[in-house]
Amino acid sequence: MQRFINNPDEVVEDTLRGFVKAHADILGVSPENPRVVVAASAPIAGKVGVITGGGSGHEPAFIGYVGRNMLDAVAVGELFSSPTAKSFFDAAKAVDAGKGVVCLYGNYAGDNMNVKMAIKLAAKQGLEIATVVANDDVCSAPPSERGKRRGVAGEVFMWKCGGARAAEGASLEEVRATAQKAIDHCRSIGVGLGPCTLPAVGHPNFVIEPGTMEVGIGHHGEPGVRIEPLRTAAEVGRDMAATVLDDHDLPAGAHVAVLISGLGATPLNELYILNDAIESEIARRGLAIERTYIGNYFTSLEMVGATLTVMAVDDELKRLLDMDVHCPALP
Amino acid sequence: MQRFINNPDEVVEDTLRGFVKAHADILGVSPENPRVVVAASAPIAGKVGVITGGGSGHEPAFIGYVGRNMLDAVAVGELFSSPTAKSFFDAAKAVDAGKGVVCLYGNYAGDNMNVKMAIKLAAKQGLEIATVVANDDVCSAPPSERGKRRGVAGEVFMWKCGGARAAEGASLEEVRATAQKAIDHCRSIGVGLGPCTLPAVGHPNFVIEPGTMEVGIGHHGEPGVRIEPLRTAAEVGRDMAATVLDDHDLPAGAHVAVLISGLGATPLNELYILNDAIESEIARRGLAIERTYIGNYFTSLEMVGATLTVMAVDDELKRLLDMDVHCPALP
Amino acid sequence: MRHLPNGSSGDIVLGIAERIIENRAYLSEIDGKIGDGDHGVNMAKGFGIAAERIRGKDMSLSAAFDLLGTVLMTEIGGSMGPLYGMMFTEFAETIAGAAAIDAALFAKMLTAGLGGIQAIGSAKVGDKTLLDALAPAITAFEAAISAGRSFDQGLDALVIAAEKGRDSTKDMVAKIGRASRLGARSAGVLDAGASSCAVILRELARGTKARLANDVETVR
Amino acid sequence: MRHLPNGSSGDIVLGIAERIIENRAYLSEIDGKIGDGDHGVNMAKGFGIAAERIRGKDMSLSAAFDLLGTVLMTEIGGSMGPLYGMMFTEFAETIAGAAAIDAALFAKMLTAGLGGIQAIGSAKVGDKTLLDALAPAITAFEAAISAGRSFDQGLDALVIAAEKGRDSTKDMVAKIGRASRLGARSAGVLDAGASSCAVILRELARGTKARLANDVETVR
Ligand SMILES: Nc1ncnc2c1ncn2[C@@H]1O[C@H](COP(=O)(O)OP(=O)(O)O)[C@@H](O)[C@H]1O
Ligand SMILES: Nc1ncnc2c1ncn2[C@@H]1O[C@H](COP(=O)(O)OP(=O)(O)O)[C@@H](O)[C@H]1O
Ligand SMILES: [Mg+2]
Ligand SMILES: [Mg+2]
Ligand SMILES: [Mg+2]
Ligand SMILES: [Mg+2]
């Protein structure tokens with residue numbers, strides 16, 4: 001493992017310490033729970049609290065999206081493992097200003113269970129937590145079983161739109177509905193070229209043979225729909241866009257936002273090379289690209305690969321995407 | 001090579017195409033020279049033009065720093081190879097608004113030669129190009145030969161401060177002097193854990209044995225001051241900070257800005273782990289950290305490793321760092 | 001009729017924690033074959049924290065179950081935190097008001113725990129999870145009691161069925177959780193959660209039997 | 001006295017480009033041993049583009065040198081673009097006004113080219129660069145002419161010295177450029193730039209000799 005780490009069992013603690021030092025102007029760790037990151041500004045009077053949470057190892061997700069007009073707090077889990085119900089609850093409690101809290105998270109077994117229990121804990125204290133569960137990963141289940149799909153980088157759009165809507169002063173139900181709309185309008189796909197290693201385990205947690213790629217791979221190496229020979233970026237990008245758009249089925253003329261994220265060890269220039277083909281395919285289908293985000297937005301330790309997310313945007317989502325934010329992970 | 005590329009000889013063209021598609025609101029390719037990226041806003045009446053240029057493969061450097069209040073144009077070279085004199089000249093010409101142009105670039109043989117010739121070409125047309133040559137890499141030559149040192153990620157601070165000073169309406173000499181001050185106040189160091197491969201060559205262009213690291217490595221794999229066993233992030237971070245600060249020799253109480261950049265394949269959480277140790281060492285020496293930038297700011301294809309840059313900031317540099325920018329690579 | 005006194009029986013949970021900690025490496029090893037190899041570590045961490053807080057406190061069984069369940073839910077995370085967390089807090093809630101736990105209440109307690117797990121996870125019997133040890137164990141206990149056997153005999157039936165259930169997971173193909181990634185390759189190994197569940201139930205039965213007393217009314 | 005007519009001698013540059021393109025693989029192979037293996041590719045790309053634009057144009061030598069130098073400087077980049085670009089544009093500027101180039105002007109031209117390279121690069125003779133072929137070649141040419149030898153004989157001396165200079169780079173340790181990274185390990189191989197320079201000078205001499213004419217005054 002050619003990596004910058006200390007004790008493999010303390011990767012999350014060490015990451016959080018360095019993260020909070022770097023961004024102390026924007027956020028901090030909750031004094032009550034070292035696994036909750038809270039915006040310096042939270043709670044904001046008259047604003048619905050917006051939180052998320054998930055396993056670590058996806059930096060800048062989830063912690064990097066805490067900040068003004070974005071997330072108010074994040075519950076932090078171990079590497080690739082859900083945070084506790086208590087952390088979700090503490091995150092909600094820390095940002096509640098009496099208007100309720102919405103938890104915008106991804107569809108994973110552990111997260112589902114822990115959020116469910118956090119809701120129970122919160123209800124006992126009269127705190128309402130509404131939820132939206134992201135399931136934008138098209139390869140993780142057929143369209144007929146959309147509820148089974150995993151949440152991936154589309155969560156960034158869900159947070160951005162939900163966070164902005166809350167900043168506008170919307171009600172809990174309005175924020176929930178907007179975040180739900182955002183993720184309903186997202187479709188994503190991942191392609192893996194190389195695995196990642198949990199430091200405490202010390203060897204890759206799955207295999208991708210050199211010369212091959214895994215299409216539809218998940219953020220923890222969940223198997224994709226197929227393994228095929230590694231092709232040119234032009235072909236890979238076109239196929240990623242085609243898969244996502246086939247599932248999306250948008251009318252020509254629809255406006256979309258595009259997010260291409262590296263998985264941790266893929267350099268930016270390769271994401272641009274992919275984007276060339278992706279945007280060509282999107283344009284070929286008569287769609288108009290409103291805005292493109294390219295970089296490491298939602299990663300998987302040092303996995304080699306990339307994800308594509310396409311979100312169909314209406315006037316509301318456009319307005320919310322355009323709102324200024326001040327968080328570590330967004331420009 | 002588990003990478004997203006097409007023809008290995010066309011990596012730069014493909015990257016530029018995808019890059020410009022993604023950021024068409026901010027910048028475009030010069031209609032006169034496909035190897036020049038120009039801000040949509042340039043030239044700006046009454047403003048000194050600010051340009052740079054260098055080899056490709058360091059994305060988001062150099063192209064990602066084109067935008068409002070930053071760079072007006074960038075000359076783009078082949079992978080790890082200087083742009084032509086003509087591209088430097090065309091970049092200058094494209095952004096000149098009659099107040100002259102400053103070229104803020106790094107100390108490499110090819111770049112020095114090509115900029116020198118661009119100045120000659122420009123002078124023939126009555127266009128004045130002032131220059132600042134970055135040499136912030138402490139391990140590339142002893143302090144007594146600072147002029148021989150390479151320019152590395154400190155260039156980001158040089159561009160930020162120079163670009164902001166120009167945006168304030170300063171004269172050519174004022175912009176040059178401020179950019180010179182910024183880079184004079186920067187010290188950087190790189191640590192490499194894994195090599196990179198030029199796609200056209202097809203095998204790594206240098207070797208780092210597993211279990212070792214190369215301290216003081218350059219952005220193209222130029223050899224460092226020593227190869228040593230890979231240690232904990234806490235030790236590596238502390239040593240990076242110590243090396244840079246020993247060279248810097250700042251009085252206690254001085255204010256600094258910190259930039260930690262991954263080299264392409266190092267995940268963000270590891271940079272945060274490094275930052276924990278780096279900020280501790282900086283604080284231990286009684287320095288105050290004004291602002292920390294962490295991410296992939298100046299990379300080397302898919303090299304594994306990181307660079308640290310510490311810039312001492314006075315009131316002017318603080319003001320310039322704080323100025324809003326709108327470019328792909330900066331938050 | 002025989003009953004388990006609630007007060008002062010918290011030490012049963014200490015015994016369960018000891019068994020889990022003893023089996024730390026074994027449970028991780030099983031999980032490593034088709035999972036990510038952390039089951040023993042996860043379990044030992046949570047049960048260990050709870051044991052520290054129970055030891056020397058003279059707790060009721062319901063209080064100890066509640067403490068253990070709460071530690072799992074609030075400090076462990078992942079999947080096991082909520083799953084076993086729900087089971088033990090449901091155990092606690094069911095017996096909370098009772099001074100004595102007879103076989104009927106014991107069965108009710110087990111069933112509530114099973115319900116808690118199923119309410120939060122969505123696994124079914126046959127999916128190769130801890131349910132494959134827990135569900136048949138409860139069925140066997142209830143069957144013994146309704147067939148007129150004693151509490152003691154019911155507990156013996158419980159342990160036998162739990163271990164048989166655990167063993168039945170060996171040939172199953174995982175339908176849920178991390179191991180389900182492997183499809184048919186997940187067959188041939190025991191399920192880690194079913195193994196820890198059998199450990200828990202055996203020690204719960206042993207501790208219960210050691211404390212069973214005759215009802216005052218019955219004796220009189 | 002013998003001279004090289006400037007007008008219509010642009011084809012000499014075509015010949016140089018042909019030789020460079022022929023040696024594309026060879027030059028890259030040499031560069032690959034201690035550099036990054038692209039010297040032949042870089043050179044062939046630049047000289048090829050220039051040849052395309054010269055072919056069939058009936059150019060003067062000065063115009064052709066200027067065109068080649070400009071292509072190198074404006075379309076090649078890296079280090080070779082400016083270095084050879086400076087050399088050829090300096091050649092062009094020196095002979096631009098002259099209808100005929102005699103040995104003295106030829107020497108002046110070569111020296112201006114050398115000066116152009118040194119003005120822009122900072123290498124010295126002995127650093128294991130193309131200067132180690134170029135500098136001794138110029139010295140030999142000037143020595144031959146001042147010793148009263150003919151233009152033709154001067155050109156022969158030029159070629160011999162250039163190739164001797166090229167061979168001398170074999171045992172040198174690189175002091176500049178990419179190969180200097182290797183320190184002592186850079187010895188034992190020819191320098192790529194010195195090799196291409198020797199190729200250029202041999203073809204320049206051959207083309208010049210083939211076009212040498214007697215001065216009108218001298219003939220009369
Ligand atoms: N939905 C579920 N319901 C019941 N048990 C489950 C469920 N999901 C997983 N399990 C159990 O969890 C065990 C694995 O636990 P553990 O290794 O601690 O967690 P993880 O899979 O997150 O690493 C499996 O062996 C299985 O018995
Ligand atoms: N400063 C310099 N002055 C003269 N020649 C140089 C200088 N730097 C490099 N060279 C020459 O350049 C040659 C390498 O050229 P090439 O491979 O095309 O460029 P690069 O080194 O950028 O890959 C070397 O063999 C050497 O002769
Ligand atoms: Mg696990
Ligand atoms: Mg496990
Ligand atoms: Mg070379
Ligand atoms: Mg080269």
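Protein chains get the first letters and strands the later ones, always in sequence-line order, with residue 1 at the start of each. Scope of the values below: all heavy atoms of this structure, side chains included, with no hydrogens, waters or symmetry mates.
- In this structure, CG on D/Leu72 lies 11.5 Å from OG1 on B/Thr84, to the nearest 0.5 angstrom.
- A distance of 13.0 Å separates CZ of B/Arg35 from OG1 of D/Thr74, quoted to the nearest 0.5 Å.
- With rounding to the nearest 0.5 angstrom, the CE atom of D/Met80 is 8.5 Å from the CE atom of B/Met113.
- Contact of B/Phe80 with chain D is made through the backbone alone, with heavy-atom distances under 4.5 Å.
- Here D/Leu83 contributes atom CG and B/Met117 contributes atom CE; the two are 8.5 Å apart, rounded to the nearest 0.5 Å.
- The parts of D/Ile120 that come within reach of chain B are both its backbone and its side chain, each placing non-hydrogen atoms under 4.5 angstrom from that chain.
- Atoms CG and CG, from B/Leu79 and D/Asp38 in turn, are 11.0 Å apart once rounded to the nearest 0.5 Å.
- For the atom pair B/Glu78 CD and D/Lys45 NZ, the distance stands at 5.5 Å (nearest 0.5 Å).
- For the residue pair D/Gly78 and B/Ser81, the shortest heavy atom distance occurs at CA-OG, 3.5 Å.
- The number of heavy-atom neighbours closer than 6.0 Å to CZ of B/Arg17, taken from other residues, nucleotides and ligands shown, is above 12.
- Heavy-atom neighbours of D/Lys175 NZ from other residues, nucleotides or ligands within 6.0 Å: above the threshold of 12.
- Heavy-atom neighbours of B/Glu209 CD from other residues, nucleotides or ligands within 6.0 Å: at or below the threshold of 12.
- Remark: D/Lys57 NZ is packed, more than 12 non-hydrogen atoms of other residues, nucleotides or ligands lying under 6.0 Å away.
- Taking 4.5 Å as the limit, some side-chain heavy atom of D/Met86 sits within range of a side-chain heavy atom of B/Lys120.
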